[in-house]
Structure formats: structure tokens, C-alpha cells
**Q** 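My structure is below; once you've seen it, I'll send some questions.
Along the sequence shown, the residues carry numbers beginning at 1.
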Amino acid sequence: MTTRAATFTSKIRNLKDYRSRLINNVQPLPAGNEIENTLKYFSQTLLSVLKDVPNIPAESYGPRQRDSVRLSVFPNLNYTGLYHAVLDMIELVPTMQIRQLEVGENVLKVLGCLVPFLEHDLLDSLPYTVASTLAIFPPTLHKETIDLLCSNMLPMTLGYDGGFEPTYASESAAAIITMVLQHTDNGSYHSQILECFMSIKRDLVKDILSIIAYGPPSARAPAANLLFYYWPQLNPALSDRRGIHYKYIAWPPVLCQRRGCVNNGNCQAVKMCLNPALAIHSGDKPPPLYICSDCADVLRKDHSEYMTDILLPMSHVSTICENKNCRAGETLAVCTCFSIECASYNGNRPIRYCHVCHDTRHLTPKGRKHVYHLSIPEIWDCSQQVQRYLMDAITSLLKEAQPIESKRMVEMGEEHRTHAGDDEDLYEMEEAGERKLLSRYGIWLLVELCRPQEDIPIEVLGRLLGMLFQWFDATAYLPDDNIGNALERLKPDYIYDWLEEVSKTHFEVIVSCLLPHPVEYARVGGFWDYITNRTTQIKEGLNCFFCLVPYDIITFEIWDYVMPYWLEAIRTEVPAEDLHELKVLLSKSFDIDMCPLPFTLEKMYCFISERFSDPSAYVQEQALQWLQILSTLDIIIPMHMLLGMFLKGVQNLHVECTGPMPEKPLKKPEGAMGHQTVFPGSPTQEKPPPLSPEKTHVVVEAYEVYERETELVLPCYIMMLDLYLKELELQEFPKYLGIYNETSKQVMQMIAVMLKEDLDGTHTCSDDQQQACNFCHNIALWHQLMSQVMCNFCPRDPAKIPTKEVPRVEEVKQVSSSNSQSRKNSTSTEEDESEEKEKSEPKFDIKAMPLHLQLYHAFLLELERTTDTDASYSLLTSMKYLILHAESLNYTVNQYPNYVKFSLVRHLIPSLWKCLIAQHSQLAFIAVPLLVHCLTLPTGADICWKIVEDAYTSEDWRVRFAAVEKVTVLCRLLDLDSISHNQVLQTALAHAFCLLIGSLEDMNSAVAQRAVQYLETIKTSSIRCLCRCLEFQFDHVISDRIMIIQRMRLLSNVLKEDKILTWDFFLSRLDTLSLEAQIDLENSDIFSADRENESFLKKLNRARFALARTDSIRSVSQSCKPPYRRAVSVPMHLVTRTAPPKLDLERQKSCIRQHSAPHFNLGRRMTKMNFGAFSNVFPGNLKEFSDEDSNFTALLQKAMDMDGVDRDTVSQLVALLMKFMVSCDINEEDKSNMKTQNVVLRHLNILLGYNQTEKSFTVPPHKLRTSAVFNSFLSGVPFVLDRNFKLGNQILPITLLLLQHGPSPQRYASDYQPPNYTLWYLEPHTQISWLTTLLVILYKYQFYTSPVSAIIQTLIRIVINTVDAQHHRCKKSHEEGFIPPSPTILRSREPSKLNDLENIQETDTPPSSPKNLNDTVNFDGGAVHFKKGDKVSPIREQVIEEAVETPKRPLTRTTRKPRRLIEYSEPNMEPVRDNVQPKNATSAVDIPKKKEEPKDSFSTSPAKIETSPVDDKH
């Protein structure tokens, strides 16, 4: 023995050495046959030991305390060392290149031989060790391994205690079965190992459930199939087994192993013998020995105590009781007994018993020791361990239904995404259809073993429900094949009824599993098994939730309860950039056309709409954010429902301050919607799962921004309007439908209610800050959205300004005749009433008015409250759409005239007037069209007229200062085409423009300077519009013409770059005056040329309208209130008077020649025109003057002799023309302009009484001198000749003739008058103009050719005569300065008319010189005395403004004879072209003086000729 023990130990050492060399790669490496021979040595040695030992009692293999009895009979060899050495060699078998199969086979044989020699602790772990070789040994050894386990190791380790006491071997049953199921594909191996364990271990179902729950996928499928095979009552429909891919294969029975069997080993073994010696002698293998019945009969006599019966394969599992003597009424099998005692009744095969038979057989003391397996009870009745295994087994089986990722991603609207999992490479979802069928086992286990009850652990139910819902998600997109149809049938056949029962007993558990933050135990399967972000979790959860919708699992109660949580989770946890990932999912469920929900749209949005009934602003703000999320994802919400929600919300919102906002939002109680209250583990208190990220808010909550809840009202309004606009865009809702359809009415009502509330907010901005505060920003945004809303439903194009032409004279007379008397009587009464109404605001029932008027009223009040510029701009835009586009006032002005008038007076027009600010021109851009529209409404023009007039006549200069800016801004934004066809607009604007231009002469320099600056900012097109309005007023209101001309003069002085005055302007004005003159003369023949021409008829009606002097067009000049703020010096009696003094007819006929005219209130003297006779020369409809007009002189004379000549208009117009001619440019290339210029100049000649045909004057000089045209022309012609040489050459002929004809004393125009007269008949200022004109001509123009030279000689003669006739006195040495100028001597012989300034009569000849040399003129203060000898005759003082006369020099004793006119011959030189200025023609001042002239005789300034005092020596 000693030698064998040493050899045994040496072999063990060799085996370890082989292992070390193989692991460390030490050369030479051991050969495979060396290891194989060593292992064979051990197996043979062990068998020889067993062969030599005496018989071992069978019971020694069982309990631990019998190891010493069994081991005491064996020699003392190192069995434990061999055991560990062989275990170390197991891991080297896969690495061996040769003899791998042989080595593995010998390893298994050695382990089998070691069973009798090992202690119980090592023997317990031996089955697991052998089973682990299935993973590394070649598959050809699997049968040997399974046979070794089932026929040797397991019976030897577990066969004698029945598995009643837990041991390592019994507890490793699940692991051993798992390895067999995982690494072997042969179903017989599976059934063999399972029936082996079922025959020796109770409660094996727990191990099978653990394999299904936690085992690898390759072991889960056979385990589930075997479970349902051996426990068939779990399958509610046995017919479904036909579709299961797993087919049960019974394991082959063990054949007789006895050497010398009469059946040659081909007979099925029925007995097992544990005698080692017999086993070695009979089969050369370690015990036990399996023998057939024949061999058993032979060996029974000697070895009966070592022989036991064995079970045969269970080829069929019956569902009914197999007891032939069963008398139970219910024969459903509930138990399978593997004890040989019971199996003997079934041919040594496991027998199935019903409940009654089971109790009969196994409730006895002997029967309690049987190994049997009962049906699995309800999960609620299982132990906690089995309950956990069963719950996880169901979960694992349901997880087998993995979705088809490619199709699922398409349905979810995202790209293909792969999950990171351990089993990802093992199978693809598209190719694992058979695995989906495993999930049916989970459904069957759920339905059969998890029937809902009242008192059950909700954690288990919740986890099962959570996994079930994930299974619905996985099976939602199955193909239409056998597998898909099989799974789909499960839903209506089993799941619906089961869920309905659960809903009746535990509705709150279903709800908790469908929430975005389910309780911890419900977070199972699907996306919960992976580490994902919160967006993915919400998306996957929503998909799972919506997958239940098509199966009517989501009822209205569940939807109404759960959806607020989902939308709130999306709002607070999904970043804005990730929202698009939820678009497809939400769109499917909220689709209004193909909604899969089993209830109406109203119920679908009920959870949102009912929140708008809550007066809390926070609740509504939360609901609005939910709607905003849906709209952001392009989900269509029915418009009528949306507007209904908003209207209800606006009406229920309260803006009363209710205290500060709570720190956290107040959530609605869970049971407030009629549902059961959520159990304690509600989603508001649950914690995130370990593998999920923490909940993080991605939005700023309202309570973090606003101090009070009422401050949320404005953000709610903003979101409502924004949502409405977004839905309009999504639904492609028709635009511009007007204000009378139902949708527009709802919108208007909503906006009107919004505007009625006083918004709560805190201003944090100041004037120093450029950026607005949050409240200002919200106000501006609100109004901006409101303007966009108005733009959508109001008509697209604004209403055109109504055309209002000047009425026909006949119509005006009819209306005025019938209403004049009543108007006079009611004027004072109406004024009193209007003042009373303005003081007391009238009451109107706004609620009874149409919706558009209610909205209009709300806009007016809001406009007065709004101070932010951006908000005001948007608000004005909204009003523009309502008033101009929708024509809300046009349609209701007749129905509600009092309210419209009141709104214009109190609100609209004053507010628009305030918006005319240059700094915020965007406001004026909108306000001006609105203001223009108001002017077209009844009383609108009068209201605006009064506002503008009050501003410009205010005592406060700051008001006038601001008014300049406002009218300028108004002018900038006017469009000429829009106002040219409405006389009311043109009149009102002409009034404003007159006041604006008049501000140039404001007594306050700041106002005047501001007017200058702002007028220069007006663009050219607006200037044309301004001029057009003034021209309209000129043509239609005769009393305004002087003011209009004066304003045009001021405007042209300021805006020199703009062509304010043009030849066309003067031509049109002269045309107007001509046509009126023709009407005054009642000469119907002049209209016969183009009577039917439309343009002519308009002009004719305009002239008649002006002459009719009706009050249908207001007079601008008469409306000016004194005192007028002029900077010029105007006598106060002219400023304040409202009517001119009445003059008798005689005095009116001989009116004094005027130098200037007041700028306003010029009286009613302009009743008829004085140039109707020569109107034939005017263009347009009038025919040109021709030589054939033989009666021209007579008509002209008649016109000049008419009463009430409008001298003021003619005088001012001609004076303005002369001023224009000073600076106008002559462009000969512009043919049209040159033609107009020539026509105007011909008009001027006719007005001066010059007949171009006869080349002579047709008006006597004494009448010409009283003509306003003559005086205005002579006052301006020196400047024209001096500064405009081109034009001066054109008017030089008529100027020379006028200079010669004007001072002439002849009585008739046709009389010949020699040049023996002076300038006596000309007024002093006219004399200066006459002399200045002559001086300019002499200095600048060529006069050497005939007939100019002859006229020049005549004019020189007149000057000489005047100088000779002048009397003056030289300065005395003791006097300082000049003596006062000599008075104007009246040009009249009648003493009775000496003091009548307005009735100066011209004489044919000048007065004679004083006869006495002592006759002189003395100056005594302000009086003038003529001395004749020593007598002095006083002359009354005459006041003449701006008249300067050269003092007369004393007459000598000898009277100078008149000089003879010298006939100048024509100079021999080429004529000078008109457009060539003489060399010395730069200015009259630059001409050198003659030597013989005294140094200070005359000033050569062309503007003014003054005399200088001379010594007495002269």
C-alpha cells in the first residue's frame, strides 16, 4: 500500500506539473497522451480500490455523519488532492490542441470514480463541477456528462435524502439545469436532467422559475417550455402549444449495463445497484449499476439490499388524474408524484394525481416522504421567494417580446437607435420572431396565477402591470404573420378581461404605472433597463402609453387623469431642442381626424379645458404651456375649442391682488377629477430609479419670476394670442374673413375682455435704461401679438378714402337755402349743448353694441393708458386693422352716431394727435392714416380743426412748439393720391399747414426756429401734398387767398431748394382768377369752346362754387383766433379786428393804392374780379388772345371800372410772381416749362393793360397807377432785372414802356404825351422803385439800339424834369442828422379831398410851381406848411408808412427851361444777345461814378435810392 500511495501521490504531482507547464508555457510542453495516461492511471487505480473493498452500505452515501463509515473501508490515498488536481485540469482541456476529446473523457471518468471516495462537502459541489464542463468540453462529450450527472452523481448525492434538507447540491439544481439548458440543444438532455431533479428534489418549480427569471436567454426558452410541459394547467388553451417552437423530446431510457446480460445490453434498465464491487465486476464502471429486469432477477438473491427501482421517462404529461381508481368529481391533475411507490402504479413512470387522489396518497406519514410536485398556486398565496421568482419570471418572459426596432423607430418618428445590452449581438429583433412567442408564457402565467383580488400587495401588481404595458409597446408593431397574429390574439382573449378586473379593484395602480414618473416597482422593462436621459424616458413612456390606446385600454378616466402629468413632465423636463422627438407620438394621439381614442374630441381636451374654469392664473398658465407644447409640435387643435377655452379662461381670470405667489406651484388634488386617490407611493413623492437621471427642471417656473400671482395674467394673455396665431398657421385657416363670422367674433370678444382688465405688473425700468423691464416687454409683446391677430381676420386691404368732390353750386344753394335759417337759429344752442356734453361724459351701453364697437372702445381706453412706444405702435396697428381694414366705424356711424362722435372727440383724435412725434415716427406712420380716416367721418374734421387751432393759438409757447412737430410729422406721411379726391381732407390739412407755416413768424424764437428746422425735413412728395392742399383752398375759398399767398411766400423763403413756386402754379392761379372774372362778367360766349370737356366743367363748377361763397368749405383765415402769434410788427387794430370798416361806394371805387396787405381778415371787398375782359389769353379751356379781338380794349376798360375790385389778391399774387422771377432758372431745353413761362408773362402784360398786338397800353396812366398789378410789378421789377439777367431781357421791353407810361399825366391811353412831365403822379415809394428800375437798366442792360435807346432818352428826360422840379433844403451846421422827410404832397387839386387817403384823385397835369420865390416849404414837427410870402397855410398830417422822399432843393430865381430831347443815333455795334450779360452788369453797385457828379449825390443801390444832404453852396 505504501508503494501504491507513493505512486498515487507522485502521479498527482505529475498532473500538477503538467498543468503548470501548460499554463506557464514551459518547454517541453506535456503531450496529450501523457495527461491521458496519467488520468487513466487514476481511474484504474480507483476502480481497483473499489473492487478490493468490502461491501459498502447503501445508506452510507447519504447523510453527512456516515462519511466516516464509508471512507474507513478505503485505503489511505490522497483522494482530495486528486480531486483538486483533476478540477485544475478541467480549465486546460479547451486549450489543448491534441487529444482534447480523450483528455476530457478521462477527466469525467476520474470524477465519476471519485464519488465513493469523497467527503460530503466535496461531493455536494461535484455535480455543479461536472455540469460546468458542458461549457468548455467538446459537444461530443455532452451525453457522457449528462449521463454521469443523471445516473451517477445526482443519485449518489441527492438520492437518499429526497431533497428535504437544503444542501449545496440541492441548491445548485437551478445552476446545473441552467448550464444544461444553455449549452445543449438536445431536448432529451433537457428532459433527462429535469426529470432527474424532479425525481430527487421537491419544489423544483422554484428553480425553474428562477431560471426563467434570471437565467440566460438560451436557457429561458427551454425552461419555460419545460415548465408548461410538466405543469400543463398553466396553459389556459392547450391548443396554443401547437405554435410553440419547442418540442418535447423524451430522454432515452438507460439500458442494462451488466456484462453478460441475456439481452446483450439492449433491454431497458429497471433497477439500480449501488454495490461498488458488483458495478465494477459487472460493468467496469463506478456505481451505481443499471440492470434490466432479467439481470435483476439473477442478482436479486445476493444483492437485493443494494438494488432499487428507477423511473422511466415521462413521455406524456396528463392533464387529468392517472389514478385508475380515482373517484373525484374534478379529475384535473394538480400533482405529479416521482416516488417509485406511486410510479409503480403507472409502469414506473411519474404519475399525475387530482386533488383528491393527492390528498389520499400524500397525506399519510409514508406519503409525506414522496417526491411530488404540485401545481403552482396563485402568486398571492406563494411564499415571498416563490412570489418574487414568479413575478420576475413573468417579467423576463414578457421582455422576450422585443420590438422590431427599425419599424418602431419609424413609428416613433426618429432614426434607428441601438440599445447597449449584453444580448445585443446574440439576436436581432427582426430575426427573433420565435422568441416573441415566449412572451405568451408570461401572459399565461400572468392571467392564470395573478388574478386580481382586493387585498394583495400592490407592489407586485404594479410591477406586473408596468411590464405588461411595456409588452404592449413591444408588440405594437408586429408583422402580419403567424407570430404576430398569435400574439395579437392574446390581447382580446386574455388581457382585456384581466385588466378590466384590475381596474375595478386597483384603478390607482394602473394609473400609477402610466404616469411619467411611475413608482419604483413599476419601472421595469423597456427603457427602464437602460441608462437614458430624461427625454428618452419620457418619449419611450409616451410611446408605451399611446400603444395602449388602440386596444381601448386607455379609458376617458385614465386619459383625463394621466395626461396632465405627461404634459407637465414634458414642460418641465424636456429641453426645447428635444421637443421635436415627441412630435410623431403626440400627433398620433391628438389627431382630430383619425383620433384612436374611444371618446370625443371634447373629452380628449377636457383635462385642459376644465383648467380654464379655474380663476387661478397659475393653473391657466400651466394649461397654456401644455397647449403651447402641442402647437410647437404642429398638433392641430380645433379652433372653436381653442377659442372657447381662451374665452372662458379670460372671463375667469381675476387680477385682484391676492397676495404673493406661493413658493411652489399648487397642484390639483389627485382625486379632484372624480378618480380614486393615488396610493401613498404617488408620482409626486417617488424617487428616481437608480439607473435613471435625477429630475431636472429645464424651465423657469412662474413663481420664480413673478412676485404675485396676478402678474401672471399678462403672460397668460400673451400665450393665448400666440397659440391662436400658431394654430391659424398650422390649420391654414382662411385669412381676411372680416369681422362678422363666428371665429372673428370669438376673437374680438376675447381681446375685448382682455383689454378691460387692469393688468398687474411692476415697472423696474427707468428713463436712463435703454432696455425695457420685463413688464414693459410683456405689454409690448402682448400688443404685437394682438396686432397680428387683427391682421389675420380683418380684410387684407384698407378701405380707400371716400371721394368727396366739391358739390355743384346748384346743390349747395338748395341745401343752404333750406337750412340757412335753421342753422343760424340752432348755432348758439348747439354750441352750448356741445360744451355741456364735453363737460359731462355721456353714458353708453357698450355691452349692447356690436362686438367690433366693444373692441374699438377697449382699444381707445388702452391707447390712453399705454405709455410704451412699442406697445403703442402695435396697438395702433390693431386699431388700423379694425378701423381702416374692417371699416368698423364706417358701418356703425349711422347706427351709433352719438357714440362715434363722442369717441372721436374724447379719445381717438386726441390720442392720435399725441402720437405725432418725430422721435417715434413709427407711431405716426400708423396714426396718420387713422387720423386721415377720422377726418372723413362726420364731425371728424371739425374736431381735428379745433385741436390743431387750439394748439397753435395757445398762450403757452411749449404747446405751440410741440404743435409744429406734430403737423410736420403729419405732413411727412401724407400721400397726395389718397387725399386729392376729398375736399374735406384738403381743407382740414390746408388749415393745419397754414398754421404750421405761420409759425415761422411766431413771437417766440424757439417756435419759429423749430418751424424752420422741421419744414426742412419734409420730403419733396409731402411738400407737393402740402402745396396741393393750399392751392385747393386758394381755388375754392376767396377769403383765404391772401393768407395762402402769404404762406406760400414764407414757405418758398424757407425751402429754397424745393420748387415751391413754379410757372405752373402761377398759371393755375391766374387761370382760376380769369375764369371767375368771366363768370362775373356773365360772358357766356367764352365758354362755348369746350363746354362738354369734363376738365373744363370741373373748373367751371369750382369757379362758381368759389364765387358763391358757401359755408360748405370752411375758411382758414376766418377761423384764426386773435391774437395771432406773429413776430412781425402789425398794428393791434389790424390784428384784432374781425371785419373791415364799411366804406361807401364812392370811396370804395377810389381806393388808395396799397403797399401791403394784412395777412388775414382782409374783409369782404374781394367780391368781383377786375380782369375778366382779358381772360381770353389764359390757357387751358380758354382761347388765346388774338388780333381779331376788336373789343378787347372795351372789355378791359369795363373790367377796370367794375366795383369791388379784389386788389389784394391780384397785388399779392403779382408780388409773389415778381419774387419768384427774381430767382427762377431759365432752362431753354425744357420746352413745356418755357411755354408755360411765356404764357404767364403774356398774362402779366395783359394785366398791366398792354396790348401786344397794337404795341400800346389800353389803360390810361391815371388808372394804371391805381392798379394793384402796376404797383406790385413796379415794386419787384428792379430786383428781377438786377438778379435774373436772362428773364430781365424778356421783360425789359414791357418794363421800359411801363416806366414811360406810368408817370404820364395824359387823360387817355391813346393820347400823345411828350416827355415834359415828372414823377409827380407816382407815390413816393413808387418813385423809388421807378428810379431803381431805371438805374438797374442803365447799369446792366444795353440800350444803344432802337427803340430801346429812344425810350431811355425819354426816361432820362423824366428824371431830369423830376430833379429840376424837386425842392429841398440843405443841412444847417448846427443841426444834427437829417431833417424829417418832406411829406407826401397830395396829388389832388380839390382841398376837400386833401385828407382823404383812400380817395386820391389823379390830375392830368402836375401842379404849377410856386409863383412867388418866397414860397417855401417849412417843416414844423409833424406838420407841413406852404409859405407864400409871409403867410403860412397848414396842411394836415398824413401818415404814410415806409415812404421816403428826397428833400426838395430850393428853387432859383431863374426858371430853367426844359431841355430839348436829343435824338440819339443808332450806335454802330452788334446787338447784344439777351442771354449775354454786359461786362459791368454784375451789380449796380459796382459801376464807377462819373467825375462831374458830386461825391454823395445819389446811392446806386438797386434796392433803394436815397438822397444825401448837400451844402448850402449848391
**Q** Check the pair Asp760, Val713 against side-chain contact (heavy atoms from CB on, under 4.5 Å), reporting the backbone distance first and the verdict last.
**A** CA-CA 8 Å; Asp760 184 20; Val713 174; over 6 Å; no
**Q** Please walk me through it: do Thr892 and Tyr856 pass side-chain contact (heavy atoms from CB on, under 4.5 Å)?
**A** CA-CA 11 Å; Thr892 55; Tyr856 165 74; over 6 Å; no
**Q** Do Asp1040 and Phe1034 come close enough that some side-chain heavy atom pair is under 4.5 Å?
**A**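 Not touching, per the 4.5 Å side-chain cut-off.
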**Q** I want to check something: taking the side chain as every heavy atom from C-beta on, are Tyr724 and Ile751 in contact at a cut-off of under 4.5 Å?
**A**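 No, side chains not in contact.
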**Q** Going through the checks in order, is the side-chain hydrogen bond (donor to acceptor under 3.5 Å, both in side chains) test met by Glu742 and Gln746?
**A** CA-CA 6 Å; Glu742 291 302 323; Gln746 283 183 297; over 6 Å; no
**Q** Taking atom NZ of Lys1059 as the centre, report whether more than 12 heavy atoms of other residues, nucleotides or ligands fall under 6.0 Å from it.
**A**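 Counting neighbours around NZ of Lys1059, 12 or fewer heavy atoms of other residues, nucleotides or ligands fall under 6.0 Å, so no.
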**Q** Quick one: CD on Gln620 to CG on Leu627, what's the gap to the nearest 0.5 Å?
**A**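 Spacing of CD (Gln620) from CG (Leu627) equals 11.0 Å.
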**Q** Does a side-chain heavy-atom distance below 4.5 Å link Thr743 with Phe793?
**A**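 No. Closest side-chain heavy atoms not under 4.5 Å.
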**Q** Within a radius of less than 6.0 Å around CZ of Phe925, do more than 12 heavy atoms belonging to other residues, nucleotides or ligands occur?
**A**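 No.
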**Q** Once you round to the nearest 0.5 Å, how far does CG of Asp868 lie from CG of Leu875?
**A**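 Atom-to-atom, Asp868:CG and Leu875:CG are 11.0 Å apart.
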**Q** Please check if the number of heavy atoms outside Glu577 that lie under 6.0 Å from its CD is greater than 12.
**A**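 Buried by this count: over 12 neighbours within 6.0 Å.
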**Q** Over all heavy atoms of both residues, which pair between Leu912 and Cys934 is shortest? Give the atoms and the distance, please.
**A**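 What the structure gives for the nearest pair is CD1-SG, 4.1 Å.
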**Q** Could you tell me whether a side-chain N or O of Ser903 sits under 3.5 Å from a main-chain N or O of Val900, the two making a donor and an acceptor?
**A**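 Side chain of Ser903 to backbone of Val900, a donor-acceptor pair under 3.5 Å: yes, one is there.
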**Q** Given the rule in the salt bridge (charged side-chain N to carboxylate O under 4.0 Å, His left out) test, do Lys946 and Asp950 qualify, once you have shown the distances and angles that lead to the verdict?
**A** CA-CA 6 Å; Lys946 184 177 183 302; Asp950 291 345; 2.9 Å; yes
**Q** Would you find a donor on one side and an acceptor on the other, under 3.5 Å apart, between the side chain of Ser744 and the backbone of Gly738?
**A**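 Yes, because the side chain of Ser744 sits within donor-acceptor range (under 3.5 Å) of the backbone of Gly738.
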**Q** Considering non-hydrogen atoms only, spot the tightest contact between Glu949 and Leu995 and give its length.
**A**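 Between these two residues, the closest heavy atoms are CA-CD1, 3.9 Å.
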**Q** Rounded to the nearest 0.5 Å, how far apart are CG of Asn1004 and CZ of Phe961?
**A**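 Atom-to-atom, Asn1004:CG and Phe961:CZ are 8.5 Å apart.
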**Q** Hey, what do you get for CG (Leu755) to CG (Leu855), rounding to the nearest 0.5 Å?
**A**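 Rounded to the nearest 0.5 Å, the CG-CG separation comes out at 6.5 Å.
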**Q** Is the backbone N or O of Cys971 less than 3.5 Å from a side-chain atom of Ser1022, with the two atoms forming a donor-acceptor pair by type?
**A**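 Yes, because the side chain of Ser1022 sits within donor-acceptor range (under 3.5 Å) of the backbone of Cys971.
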**Q** Give the intermediate values and the outcome of side-chain contact (heavy atoms from CB on, under 4.5 Å) for residues Asn982 and Val932.
**A** CA-CA 10 Å; Asn982 192 297; Val932 170; over 6 Å; no
**Q** Applying side-chain contact (heavy atoms from CB on, under 4.5 Å), run through Ile801 and His933 and close with a yes or a no.
**A** CA-CA 7 Å; Ile801 296 177; His933 179 77; over 6 Å; no
**Q** Do the non-hydrogen side-chain atoms of Arg796 and His885 ever get within less than 4.5 Å of each other?
**A**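 Side-chain contact under 4.5 Å: no.
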**Q** Other residues, nucleotides and ligands only: do more than 12 of their heavy atoms fall within 6.0 Å of NZ on Lys756?
**A**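 For Lys756, atom NZ is crowded (more than 12 foreign heavy atoms under 6.0 Å).
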**Q** Count the heavy atoms of every other residue, nucleotide or ligand shown that sit under 6.0 Å from NZ of Lys648, and state whether that count exceeds 12.
**A**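 More than 12 heavy atoms, drawn from other residues, nucleotides or ligands, come within 6.0 Å of this atom.
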**Q** Testing the basics here: between Ala617 and Glu709, what is the closest heavy-atom pair and its distance to 0.1 Å?
**A**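 Minimum heavy-atom contact is N-OE2, 3.1 Å.
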**Q** Measure the shortest side-chain to side-chain distance between Leu908 and Met879 over non-hydrogen atoms and say whether it is less than 4.5 angstrom.
**A**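 Yes, close enough: below the 4.5 Å cut-off.
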**Q** At what distance, to the nearest 0.5 angstrom, does CD of Glu887 lie from CG of Leu882?
**A**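 Nearest 0.5 Å value for the CD-CG distance: 11.0 Å.
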**Q** Given His907, which of Tyr899, Phe902, Trp913 fulfils the ring-ring contact (aromatic ring centres under 6.0 Å, His included) condition?
**A**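 Option passing the ring-ring contact (aromatic ring centres under 6.0 Å, His included) with His907: Phe902.
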**Q** Is the closest side-chain heavy-atom distance between Ser787 and Tyr873 below 4.5 Å?
**A**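 Side chain of Ser787 against side chain of Tyr873, heavy atoms only: no contact under 4.5 Å found.
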**Q** Can you list the steps and then say if Glu862 with Arg865 is a salt bridge (charged side-chain N to carboxylate O under 4.0 Å, His left out)?
**A** CA-CA 5 Å; Glu862 182 67 18; Arg865 295 194 298 261; 2.5 Å; yes
**Q** Are Ser999 and Asp1002 close enough, and set up right, to give a side-chain hydrogen bond (donor to acceptor under 3.5 Å, both in side chains), and what steps lead you there?
**A** CA-CA 5 Å; Ser999 298; Asp1002 195 277; 5.2 Å; no
**Q** Assess whether side-chain hydrogen bond (donor to acceptor under 3.5 Å, both in side chains) is satisfied between Arg1028 and Ser980, documenting all intermediate values.
**A** CA-CA 8 Å; Arg1028 178 66 64 85; Ser980 58; 5.2 Å; no
**Q** To the nearest 0.5 Å, how far apart are CD in Gln922 and CG in Asp870?
**A**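 That separation rounds to 7.0 Å.
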**Q** Nearest heavy-atom pair of Ser878 and Phe859: which atoms, and what distance?
**A**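 Looking at all heavy atoms of both residues, the closest pair is CB-CZ, 3.7 Å.
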**Q** In the structure I gave you, are the side-chain heavy atoms of Leu976 and Ser1021 within less than 4.5 Å of one another anywhere?
**A**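 The answer is no; the side chains never approach within 4.5 Å.
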**Q** Which heavy atom in Thr987 sits nearest to a heavy atom in Arg1114, and how many Å separate them?
**A**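 For Thr987 and Arg1114, the tightest heavy-atom pair comes out as CG2-O, 3.7 Å.
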**Q** With the side chain counted from C-beta on, respond yes when Glu965 and Leu916 share a heavy-atom pair under 4.5 Å apart, and no when they do not.
**A**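 Glu965 does not reach Leu916 side chain to side chain.
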**Q** What's the shortest heavy-atom distance between Gln1033 and Ile1044, and which atoms?
**A**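 Heavy-atom minimum between the residues: CB-CD1, 4.2 Å.
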